[in-house]
Protein chains: 2
Amino acid sequence: MKKEYNVAVVGATGAVGTRMLEQLAQSTLPVASVKALASKRSAGKTVKFAEKELVIEELTENSFTDIDIALFSAGGSVSAKYAPYAVKAGAVVVDNTSYFRQNPDVPLVVPEVNPHALDAHNGIIACPNCSTIQMMIALEPIRRVYGLKRVIVSTYQAIGGAGNRAMDEAREQLKEVLNNNIDPTELKAEILPSAGDKKHYPIAFNALAQIDVFTDNDYTYEEMKMTHETKKIMEDDNIAVSATCVRVPVLIGHSESVYIETEKVADIDEVKRLISEFPGAILEDDVAHQIYPQAINSVGRRETFVGRIRRDLDQENGIHLWCVSDNLLKGAAWNSVQIAETLHERGLVRPTAALKFELK
Amino acid sequence: MKKEYNVAVVGATGAVGTRMLEQLAQSTLPVASVKALASKRSAGKTVKFAEKELVIEELTENSFTDIDIALFSAGGSVSAKYAPYAVKAGAVVVDNTSYFRQNPDVPLVVPEVNPHALDAHNGIIACPNCSTIQMMIALEPIRRVYGLKRVIVSTYQAIGGAGNRAMDEAREQLKEVLNNNIDPTELKAEILPSAGDKKHYPIAFNALAQIDVFTDNDYTYEEMKMTHETKKIMEDDNIAVSATCVRVPVLIGHSESVYIETEKVADIDEVKRLISEFPGAILEDDVAHQIYPQAINSVGRRETFVGRIRRDLDQENGIHLWCVSDNLLKGAAWNSVQIAETLHERGLVRPTAALKFELK
């Protein structure tokens, strides 16, 4: 095992990529070098890493020579094509896209929740969806003691999850309404609710009950990610999860209204204690003093904030809670870097012998 | 029964009061005269009613002589004090505040849902909370056919529900961030989450999991309104309702993510048909074409828009839906005027013989 790693960041110019570099610069991972990779369009530009400026190189099949760890956040199709080449070149890939998440050969990891899943990796580790990660941090301490039967979650997701362009568009829309008195229904929209879908709607002063495109069962892919990823991370297909994923006019910081039913009836004070002691979780729950998690306070923080914990008014084993996290950090960049740190701590940064992923 | 009514609007300068005048001008109610009442501070100012300017008079105990219908929307303490005087003077009161809603002598009415409750009125009829009304429109057509056992609702409530000052403050906060690059955590806040509570937080780029103040059970009053009012309007104390009420940076138009369990397993296509045929409801549910209700499209409309209707992934009798309505119209001003119209249609605009409410 090497002492220091050569790290590549794929998608280094994006909202998540720039934060991966920032988190990497602050991480405990021993880093020898960082290579910033992006599309041809961005090649030659520079990005910041610690005090240095990195010149962006074009991503190709040959970008991963001598790379030990490759962090991917440039879209599912980029990961689909290039992650296997990185593995073939001897790197371990931490992929922030959804492409490999349900692949049985790929661990799906929130380091505080299921770090053991890393042990069996085959060169690619998937970082879960932003909306799933923070919910796992909130629910895992409860699940470990009381068991978890079902989850009903409604999200209040920030625009940042759709990237820098979506945030720019939202700011422009808001300015049009506030400074030029444009009616929100008259605003131009080109990105949200989903860049890949046909119609686009304004997010300014709106709430969009669509994130990602719809699946055949009338849930969106974003909603189904929460269902499938929860089962995989918690290693229990019997946990029932139904989600409603909604974009709100918040730039950074996802909030979630989560209802759960536990197997054993929980003591609410004990639930609060368990959450307060769980790594990566911060309990903010003192309604007598109006203390509860808020999106604007989560920005730039690595933790998930949990509050408004209370028993359902009728269901004895039902609990409601409110959890908030920086979707670009714990929801993406930090969780990915944290996976790399955990791989290092567990001695798992090493080339993979037999390639399990198709080279396209 | 008179042919035309003298109508008073109490709180005529507020976000709801001005819309009550607007809805009244468009209503089928035969109106002889309109008296605009407000606090001493506003007396002498003018408000619009149809093509006329009304001079605001100061609200006193003697304001209701010759008034047939009084619409109140000036806060609970104003209704508590003055609504009984209006009834004593021979008026029928439609009260938009929460003060009388749980009073057993006061019907709590959504005209499409429980107009029969008006028949036994004692001079005061309560208009339910904005967040409850639109949920009733979405759920009543389902309840009538399949029964309703439980409701879990997470709201995405607009700032307008907290009044004109709250909307002004939100606009100022957003401008500070967008035009002057102020960090949202540094913004000044004086109104939200609840004008009557101690601490105030910015709503710009935030989601506040507090509306109204907290009760002893760690739910807010806003959340408990949804619980109590649902049971009263649907005349069934066995319906389990737990709510999480959240303010989002939307000016007008409440959205709600609603999960219900019905007594009988419902057919989803039939549920959509029932909603599409229910008065006051508009079905917007065609996810293949990205059609679902949006807050910005609800502004200025009297209807409640319902979509994203789908079965829970695990619970056979579980249904998720998304409903949106203009919280200042159906949620307040229009529902109040509509109650007055319904009173007229049912021949119920008449003085009350025995006063059931304390004069303070």
Side-chain angles (χ1 to χ4, degrees), chain A residues 150 152 154 156 158 171 174-175 178-179 183-185 193 197-199 201-202 204-210 214 217-220 227 240-242 244 246 248-253 255 257 259 268 287-290 292-297 299 307-310 312-315 318 320 322 324, chain B residues 150 152 154 156 158 171 174-175 178-179 183-185 193 197-199 201-202 204-210 214 217-220 227 240-242 244 246 248-253 255 257 259 268 287-290 292-297 299 307-310 312-315 318 320 322 324:
Chain A
R150 78 181 301 203
I152 294 171
S154 297
Y156 302 66
R171 286 191 198 92
L174 287 164
K175 284 182 189 171
L178 294 165
N179 302 340
D183 186 287
T185 58
D197 214 337
K198 291 192 191 74
K199 295 183 192 168
Y201 303 125
F205 303 109
N206 208 2
L208 291 170
Q210 179 191 353
F214 284 94
N217 67 1
D218 291 351
Y219 288 75
T220 59
T227 298
V241 182
S242 286
T244 301
V246 180
V248 295
V250 170
L251 288 171
I252 298 176
S255 305
S257 171
Y259 169 74
I268 296 296
V287 295
H289 297 95
Q290 292 177 264
Y292 39 78
Q294 295 180 36
I296 58 172
N297 296 334
V299 179
R308 294 297 323 271
I309 301 165
R310 62 210 192 276
D312 185 81
L313 293 170
D314 300 273
Q315 191 78 19
H320 299 264
W322 177 250
V324 175
Chain B
R150 79 181 298 204
I152 294 172
S154 296
Y156 302 66
R171 286 190 198 95
L174 287 164
K175 285 183 189 172
L178 294 164
N179 301 341
D183 186 287
T185 58
D197 214 338
K198 292 194 189 72
K199 295 183 192 168
Y201 303 124
F205 302 109
N206 208 3
L208 291 171
Q210 179 192 354
F214 284 94
N217 67 1
D218 291 352
Y219 287 75
T220 58
T227 299
V241 182
S242 286
T244 302
V246 181
V248 295
V250 170
L251 289 172
I252 298 176
S255 305
S257 171
Y259 169 74
I268 297 296
V287 296
H289 297 94
Q290 293 176 264
Y292 38 78
Q294 295 181 37
I296 58 172
N297 296 334
V299 179
R308 294 297 323 270
I309 301 164
R310 61 209 193 278
D312 185 80
L313 292 169
D314 300 274
Q315 191 77 21
H320 299 265
W322 177 251
V324 175

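In the text below, chain A, chain B and the rest are named by the order of the sequence lines, each starting its count at 1.
- The part of B/Ile152 that comes within reach of chain A is its side chain, from C-beta onward, which places non-hydrogen atoms under 4.5 angstrom from that chain.
- To the nearest 0.5 Å, atom CZ of residue A/Phe214 and atom NE2 of residue B/His289 are 12.5 Å apart.
- Going from atom CD1 of A/Ile268 over to atom CG of B/Asp218 covers 9.0 Å, rounded to the nearest 0.5 Å.
- Two residues are said to be in side-chain contact when any heavy atoms from C-beta on lie closer than 4.5 Å; B/Val246 and A/Ser257 fail this criterion.
- Contacts between B/Arg308 and chain A at a heavy-atom distance below 4.5 Å involve the side chain alone, from C-beta outward.
- Distance check, rounded to the nearest 0.5 Å: CZ of B/Arg150 to CG of A/Asp312 gives 5.0 Å.
- When A/Gly307, A/Ala207, A/Ala158 are compared by the number of non-hydrogen pairs under 4.5 Å with chain B, A/Ala207 comes out ahead.
- Using a 4.5 Å cut-off between heavy atoms, B/Ala204 contacts chain A through its backbone alone, with no side-chain atom that close.
- Without hydrogens or angle criteria, A/Ser242 side chain to B/Leu313 main chain gives a donor-acceptor distance under 3.5 Å.
- Atom CG of residue B/Asn206 and atom CD of residue A/Gln294 lie 5.0 Å apart, to the nearest 0.5 angstrom.
- Put simply, of B/Lys175, B/Gln290, B/His320, B/Lys199, the one with the most heavy-atom pairs under 4.5 Å next to chain A is B/Gln290.
- Only the side chain of B/Val248 comes within less than 4.5 Å of a heavy atom in chain A; its backbone stays farther off.
- Within the 4.5 Å cutoff, the side chain of A/Thr244 has heavy atoms near those of the B/Arg310 side chain.
- Interface residue B/Ser255: only side-chain heavy atoms are found under 4.5 Å from chain A.
- Listed options A/Asn217, A/Val324, A/Asp314 were ranked by heavy-atom pairs under 4.5 angstrom with chain B; first place goes to A/Asp314.
- Rounding to the nearest 0.5 Å places OH of B/Tyr259 at 12.0 Å from OG of A/Ser154.
- The shortest distance between side-chain heavy atoms of A/Val299 and B/Phe205 does not fall below 4.5 Å.
- In this structure, the separation between OG1 on B/Thr220 and OH on A/Tyr292 is 9.5 Å, given to the nearest 0.5 Å.
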